[in-house]
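This report concerns only the one structure given below.
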Amino acid sequence: MAQKPSIPKGTRDFSPTEMARRNYIFDTIKKVFRKYGYLPIETPAMENLSTLMGKYGEEGDSLLFKVLNSGDFLKKMDVSDLEENKAAKTATKISDKGLRYDLTVPFARYVVQHRNDIRFPFKRYQVQAVWRADRPQKGRYREFYQCDIDVVGSDSLLNETELIRVIDEIFQTLSINITIKLNNRKILSGIAEKINAPEKLTDITVAIDKLDKIGIEKVYEELKSKGIDDDAISQLKPIIGLSGTNSGKLKILATLFNDVEEGRKGVEELNTVLNQLEMLDIKANIQLDQSLARGLNYYTGAIIEVKADDVNIGSICGGGRYDNLTGIFGLPGISGVGVSFGADRIYDTLQELDLFPKQTAGSSRVMITNFGETESLHALKVLEEMQNEGIYAELYPDSAKIQKQMKYADQKAIPFVLHVGEQEIKSGDYTLKNMLTGTQHNFKLSQIISFIKEN
RNA sequence: GUGGUUGUAGUUCAGCUGGUUAGAACGCCUGAUUGUGGUUCAGGAGGUCGUGGGUUCAAAUCCCAUCUUCCACCCCA
């Protein structure tokens with residue numbers, strides 16, 4: 001026990017059973033992505049730190065896994081940095097690569113770098129691991145998979161609508177009941193402007209984002225502590241506590257923003273998307289939530305977040321529109337919108353709700369028992385013929401006791417066992433045992449093949 | 001990053017305020033069944049008590065450090 005090898009904190013191994021389930025999620029998601037015209041790309045696990053740093057706020061930088069430079073990385077280091085305990089400063093000197101923190105920033109880098117080869121609007125999906133040096137807990141890992149889908153080079157709100165359709169179809173296929181929460185960064189900006197505190201936008205959004213977690217009174221307290229005066233807070237009250245139907249909320253916001261250009265634009269955008277959605281057959285709950293902020297400082301328009309209705313695991317999908325992400329890398333004027341599906345949280349959700357398909361995908365349908373050297377030669381030929389017919393089959397590799405071989409088949413849940421022993425070889429009729437019912441009969445190989453194919 | 005929590009056989013856990021050979025269930029292996037699994041019966045193997053240090057005549061048990069687990073905060077998929 002003590003000297004057992006282990007893996008780093010917050011990382012996981014995946015067994016064959018878990019992989020079958022994970023692939024079920026990935027396959028479902030990818031299939032829907034492709035159906036809507038998105039194509040896959042991949043980017044390296046490592047990016048230059050200059051690409052990653054400063055894109056996720058101050059908090060994000062400290063959550064980046066940094067990769068130590070090769071060779072004599074100490075050369076560039078300044079001893080005084082160590083003495084003053086400047087961890088951050090030292091880090092930039094001994095490390096210039098980092099593991100990707102999400103898929104959006106590497107994608108922005110990709111778009112800028114390959115701008116001449118890309119036909120806009122560019123619709124891509126990307127399913128890869130990301131790493132965060134976060135402290136792990138339920139539904140939070142240090143290595144986890146994101147399934148991203150983005151459109152860049154198009155301002156149309158049809159893209160927002162399409163993403164919501166993609167979300168709806170994926171979770172419907174997975175049988176997860178969800179609520180899609182929508183907001184617009186312009187509404188948040190409008191609120192800040194309305195109360196004459198545009199520079200407090202981040203503080204305001206961070207505070208009201210916690211609304212359903214800490215309650216409205218605590219939100220006021222936090223706003224106050226951030227230096228927002230009582231007058232402004234009292235103006236905020238009717239906005240934050242807004243309830244009712246989506247269209248009702250929008251009406252109230254619209255009148256509120258009669259003198260705030262930015263806010264009006266946000267209302268308009270949400271209205272357009274909601275109108276488009278109304279024409280379509282969307283199963284998920286769509287909920288306007290003016291407290292939804294999602295902290296990411298690069299969102300400029302729509303903000304989207306998905307929560308599972310029946311499991312408390314945080315958001316399982318989120319995203320939004322970012323007008324100027326590629327601008328950071330020197331290509332301004334390209335707008336993008338995208339969402340990210342959290343495969344690991346979707347896994348935990350399906351697990352908790354017992355929604356994984358029962359069949360053990362990929363396992364053999366038939367196992368041939370091994371009766372010894374001469375018999376196994378004959379069995380090898382039988383195996384080949386069955387596999388050529390597309391049947392998932394395996395031959396037990398050792399001539400162990402039949403009892404042991406049967407137990408192996410039983411535990412791997414292989415539904416059929418085929419005995420190719422001395423008697424069978426002589427007669428040409430092989431014994432096929434149904435492991436579920438326990439019955440067995442003798443058939444010619446061609447009959448067995450068509451029987452297994454049918455069942 | 002801050003505060004708390006967990007770690008004993010392959011697995012889930014028991015082990016009272018430190019006391020002598022550390023237990024159970026399930027699983028595993030062997031046999032009853034040398035060509036038949038899932039049930040039953042009989043027997044068996046398996047633990048430097050996360051790791052390192054300390055206190056003590058004596059530590060799984062107390063103390064410190066470290067790693068790990070889970071939880072809250074921060075933040076997020």
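Chain A is the first sequence line, chain B the second, and so forth, proteins listed ahead of strands; every chain is numbered from 1. What's counted below: heavy atoms across the whole structure, side chains too, no hydrogens, waters or symmetry copies.
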N/O donor to acceptor pairs below 3.5 angstrom from side-chain atoms of residues 334-346 of chain A, sequence neighbours left out:
{"residue": "Ser335(A)", "atom": "OG", "partner": "Arg321(A)", "partner atom": "NH1", "Å": "2.6"}
{"residue": "Ser335(A)", "atom": "OG", "partner": "Asp323(A)", "partner atom": "OD1", "Å": "2.7"}
{"residue": "Ser340(A)", "atom": "OG", "partner": "Asp148(A)", "partner atom": "OD1", "Å": "2.7"}
{"residue": "Asp344(A)", "atom": "OD1", "partner": "Tyr145(A)", "partner atom": "N", "Å": "2.7"}
{"residue": "Asp344(A)", "atom": "OD2", "partner": "Arg12(A)", "partner atom": "NH1", "Å": "3.2"}
{"residue": "Asp344(A)", "atom": "OD2", "partner": "Arg12(A)", "partner atom": "NH2", "Å": "2.6"}
{"residue": "Asp344(A)", "atom": "OD2", "partner": "Arg22(A)", "partner atom": "NH1", "Å": "3.1"}
{"residue": "Arg345(A)", "atom": "NE", "partner": "Gly139(A)", "partner atom": "O", "Å": "2.7"}
{"residue": "Arg345(A)", "atom": "NH1", "partner": "Ser315(A)", "partner atom": "O", "Å": "3.0"}
{"residue": "Arg345(A)", "atom": "NH2", "partner": "Gly139(A)", "partner atom": "O", "Å": "3.2"}

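Counting non-hydrogen atoms of neighbouring residues, nucleotides and ligands closer than 6.0 angstrom, the CE atom of Met53(A) exceeds 12 such neighbours. Heavy-atom neighbours of Glu422(A) CD from other residues, nucleotides or ligands within 6.0 Å: at or below the threshold of 12.
Using a 4.0 Å heavy-atom criterion, one finds that Leu436(A) contacts the bases of the nucleic acid, with or without backbone contacts as well. As judged by a 4.0 angstrom heavy-atom cut-off over every strand, Tyr408(A) is placed among residues making no nucleic acid contact. Within 4.0 Å (heavy atoms only), Gly10(A) reaches sugar-phosphate atoms of the nucleic acid but no base atom. Looking at heavy-atom distances under 4.0 Å, Glu424(A) makes contact with a base. Looking at heavy-atom distances under 4.0 Å, Tyr141(A) makes contact with a base. In this structure, Ser315(A) reaches the sugar-phosphate backbone alone: every heavy-atom distance under 4.0 Å involves primed, P, OP1 or OP2 atoms, never a base. Residue contacts shown for Gly139(A) include a base, since a base heavy atom lies under 4.0 Å away. At the heavy-atom level, Cys317(A) lies under 4.0 Å from the strands shown only through sugar-phosphate atoms.
Listed by chain and number, the residues in a salt bridge (Lys or Arg N to Asp or Glu O under 4.0 Å) with Arg124(A) are Asp150(A) (sequence neighbours excluded). Glu269(A) is linked by a side-chain hydrogen bond (donor to acceptor under 3.5 Å, both in side chains) to Asn184(A), Lys186(A), counting only residues two or more places apart in sequence or in another chain. Here Ser175(A) pairs with Leu355(A) under the side chain to side chain contact (heavy atoms under 4.5 Å, CB included) rule; sequence neighbours left out. Annotation: salt bridge (Lys or Arg N to Asp or Glu O under 4.0 Å) contacts of Glu47(A) (sequence neighbours excluded): Arg109(A). Legend: residues meeting side chain to side chain contact (heavy atoms under 4.5 Å, CB included) with Gln423(A), ordered by chain and number and at least two apart, are absent. In terms of the salt bridge (Lys or Arg N to Asp or Glu O under 4.0 Å) criterion, Lys66(A) has no residue partners (sequence neighbours excluded). Remark: Glu352(A) pairs with Lys138(A), Val311(A) by the side chain to side chain contact (heavy atoms under 4.5 Å, CB included) rule, at least two apart or across chains.
For the pair Thr28(A)/Phe33(A), no side-chain contact is recorded, criterion being any heavy-atom separation below 4.5 Å from C-beta on.
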Is there any protein nitrogen or oxygen under 3.5 Å from a nitrogen or oxygen in nucleotides 28-30 of chain B, and what are the pairs?
{"residue": "C28(B)", "atom": "OP1", "partner": "Gln411(A)", "partner atom": "NE2", "Å": "2.8"}

Taking only nitrogen or oxygen atoms into account, show me every contact under 3.5 Å that the protein makes with nucleotides 43-46 of chain B, one pair per line with its distance.
none

Atom pairs, N/O to N/O, protein against nucleotides 2-5 of chain B, distance under 3.5 Å?
{"residue": "U2(B)", "atom": "O4", "partner": "Arg135(A)", "partner atom": "NE", "Å": "3.3"}
{"residue": "U2(B)", "atom": "O4", "partner": "Arg135(A)", "partner atom": "NH1", "Å": "2.8"}
{"residue": "G3(B)", "atom": "O6", "partner": "Arg135(A)", "partner atom": "NH1", "Å": "3.0"}

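Each of G37(B), U68(B), A77(B) was ranked by its minimum atom distance to the side chain of Lys9(A); first place goes to U68(B). The side chain of Arg132(A) approaches C76(B) more closely than any other nucleotide in the set G35(B), U36(B), C76(B). Nearest to the side chain of Thr431(A), among U36(B), C75(B), C73(B), sits U36(B). Comparing atom distances between the Gln403(A) side chain and each of A77(B), G35(B), U33(B) picks out U33(B) as nearest. Closest to the side chain of Gln423(A), from the set G38(B), G35(B), C75(B), is G35(B). Comparing A77(B), G37(B), G35(B) by their closest approach to the side chain of Lys433(A) singles out G37(B).
Between the base of G37(B) and the side chain of Asp410(A) there is a donor-acceptor pair shorter than 3.5 Å. Evaluation of atom-type donor-acceptor distances gives no pair under 3.5 Å for the side chain of Gln405(A) against the base of U36(B).
If you measure from atom CE of Met367(A) to atom P of G37(B), you get 12 Å, rounded to the nearest angstrom. Residue Leu418(A) contributes atom CG, which lies 16 Å from atom P of U36(B) at whole-angstrom precision. Separating the CD1 atom of Ile414(A) from the P atom of G38(B) is a distance of 15 Å, rounded to the nearest angstrom. Tyr347(A) places its OH atom 17 Å from the C1' atom of A77(B), with the value rounded to the nearest Å. Counting to the nearest Å, the C1' atom of G35(B) and the CD1 atom of Ile425(A) are 13 Å from each other.
Phe144(A) qualifies as a stacking partner of the A77(B) base, centre to centre under 5.5 Å and near-parallel within 30°.
Using the six-membered ring where Trp is involved, Tyr322(A) and Tyr299(A) have ring planes that are tilted, between 30° and 60° apart.
Ring centroid separation for the pair Tyr101(A) and Phe65(A) does not come in under the 6.0 Å cut-off. If you look at Tyr430(A) and Phe443(A), their ring centroids are not closer than 6.0 Å.
Heavy-atom distances to RNA chain B give each of Lys138(A) and Ile7(A) a nearest nucleotide, and the one nearer the 5′ end belongs to Ile7(A). The 5' end of RNA chain B is approached more closely, in terms of each residue's nearest nucleotide, by Ala133(A) than by the other of Gly438(A) and Ala133(A).
Taking the P atoms as reference points, U61(B) lies 13 Å from U20(B), given to the whole Å.
Scanning RNA chain B for stems, defined as runs of 3 or more consecutive Watson-Crick or G-U wobble pairs whose donor-acceptor distances all fall under 3.5 Å, gives the following ranges: B:1-4 with B:70-73, B:10-13 with B:23-26, B:28-32 with B:40-44, B:50-54 with B:62-66.
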